[in-house]
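Computed from heavy atoms alone, side chains included, the values below leave out hydrogens, waters and symmetry copies. Reminder, nothing fancy here: chain letters follow the sequence lines and each chain counts from 1.
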Amino acid sequence: MRDLAETGRCLGRLALLALLAASGSVANAADIGQIKTARGEVSLERKGQSMPARVGMRLETADVLKTGADGSVGITMADNSLLSAGPNSILSLDRFDYEPTTNQGRFDTQLQKGTLSVISGRMAKQSPDAMTVRTPSAILGVRGTEFVLSAND
Amino acid sequence: MTSKLGRASLALAFALVVAGCQTGTVVLLPEQDGKETAVVVKQRDGDATLREPYAAAKFSNTGPQAYKSSPEEVQAQFGAALAARPERPMEFTLYFVEGKDELTDESKKIVNDVYSEIAKRPVPDVLVIGHTDAVGSHQINDPLSLQRAEFVRAGLIQNKVAPENIVAIGRGKRELVVPTDDGVAHPRNRRVVIFVR
């Protein structure tokens, strides 16, 4: 009898977990990271609209960050990855699928031009193929954590 | 592009022409705690793997050209990007009294450090990760670990941390801090890790 009750509780928890997981993935789609630093001219392009980027703004998949000649921006992603771009940079967050329970997922960014500093996070730590950074001429597969890159500058 | 070319070295200008203006570099940096690290550079015409600190590659149309960079060179080219780095996430670990949603006395003291770290950051957000020991299945431990994380999240909310800035997740028994065989109870594995970022 106790076993049955335990099973029932367990199933209840599972249902709750499934619900949380479902709502979690929705939250992930809409909230994959946050702007933590911004200096000078920085804009955020989302769904064809451009707006000034400010510290505290939440990020979404497909967002593009652009910095001007005096601009720089730093972001923290949901999996603890840290990215920061220097002046005259275009950084697009092409894909961020993160399943936090298993740390599995996929994180693809592209530096179209400019400079970028990367400290990879929990997904790259979990599996070496989870994170890539592209430039117009190269694809970087992230095995370790800290590096810098430039594109077309 | 013209004004930039004026500033670039002759070698870089040549590379620009050869690569059809698709230039760039990547430099591997030292790890903070000396862990192993690597970046694989893939181009249409070849690839290279960077393994050592300051190992670097220039992108070219004949594949990546490996070279050795230096702290000075990195600072000169990437100083602004590095200065814009967000502060690193700060990690705290809280332990539970066995079988209870109650922190150990030692961990209760650490909670104060968590609040002061949150107060220090301009736009804090908090990731709370619950873990269990290796007793029981994923089906049991995943919800239990999430429950522990939600318990800590609720405590943070009670202490005026904004709910929208705290994400609670459960990792079950997937990330044991003390490696044990499956089915082994261990108090150090029953924990909640908090990242303030």
Contact part of E175(B) toward chain A, heavy-atom cut-off under 4.5 Å: side chain, backbone, both or neither? side chain
Pick one of side chain, backbone, both or neither for P53(B), based on which atoms fall under 4.5 Å of a heavy atom in chain A. neither
Could you have a look at T132(A), I75(A), T37(A) and say which one has the most heavy-atom pairs with chain B under 4.5 angstrom? T37(A)
Would you say the side chain of P89(B) lies within less than 4.5 Å of the side chain of L82(A), judging by non-hydrogen atoms? yes
Less than 4.5 Å to any heavy atom of chain A: does that hold for the side chain of R121(B), its backbone, both, or neither? neither
Quick check: do V148(A) and L82(B) have side-chain heavy atoms less than 4.5 Å from each other? yes
Using a cut-off of under 4.5 Å for heavy-atom pairs, which of P128(A), A38(A), G74(A) has the most such pairs with chain B? G74(A)
Using non-hydrogen atoms only, which part of V74(B) is less than 4.5 Å away from chain A: side chain, backbone, both, or neither? side chain
Rounded to the nearest 0.5 Å, how far apart are OG of S84(A) and CZ of R85(B)? 6.5 Å
Keeping Q43(B) on the side-chain end and S137(A) on the backbone end, is there a donor-acceptor pair under 3.5 Å? yes
Pairwise side-chain contact, V27(B) with F147(A), heavy-atom cut-off 4.5 Å (strictly under): no
Does any heavy atom of chain A fall under 4.5 Å from the side chain of P30(B), the backbone, both, or neither of them? backbone
What do the steps show when you test E146(A) against T37(B) for side chain to side chain donor-acceptor pair (under 3.5 Å), and what is the final call? CA-CA 8 Å; E146(A) 298 193 24; T37(B) 177; over 6 Å; no
Following the transitive rule for hydrophobic clusters with a side-chain heavy-atom cut-off under 4.5 Å over Ile, Leu, Val, Met, Phe, Trp and Tyr, establish whether M57(A) and V123(B) coincide in one cluster. no
Using a distance-only test with no angle check, is there a side-chain donor-acceptor pair under 3.5 angstrom linking S150(A) and Q77(B)? yes
Nearest heavy-atom pair of S72(A) and A80(B): which atoms, and what distance? CB-O, 4.2 Å
Side-chain H-bond candidate by donor/acceptor type, E31(B) with T145(A), under 3.5 Å: yes
Given a strict heavy-atom distance threshold of 4.5 Å, which part of N165(B) is in contact with chain A: side chain, backbone, both, or neither? both
If you count heavy-atom pairs within less than 4.5 Å of chain B, which of G56(A), S120(A), P87(A) leads? G56(A)
Minimum-distance pair of heavy atoms, taken over all atoms of T101(A) and R171(B): O-NH1, 2.7 Å
Can you measure from CG (L50(B)) to CZ (R143(A)) and round to the nearest 0.5 angstrom? 11.5 Å
To the nearest 0.5 Å, tell me how far D125(B) CG sits from K36(A) NZ. 3.5 Å
Can you get from F92(B) to F96(B) by hopping between Ile, Leu, Val, Met, Phe, Trp and Tyr side chains that sit under 4.5 Å apart? yes
Which heavy-atom pair separates R197(B) from D79(A) by the least distance, and what is that distance? NH1-N, 4.2 Å
Using non-hydrogen atoms and a 4.5 Å limit, figure out which bit of L127(B) sits close to chain A: side chain, backbone, both or neither. side chain
Cluster link F78(B) to L111(A), ILVMFWY, side chain under 4.5 Å: no
Select, from N80(A), V142(A), I119(A), the one with the greatest count of heavy-atom pairs under 4.5 Å involving chain B. N80(A)
Are any non-hydrogen side-chain atoms of L149(A) and T25(B) less than 4.5 angstrom apart? no
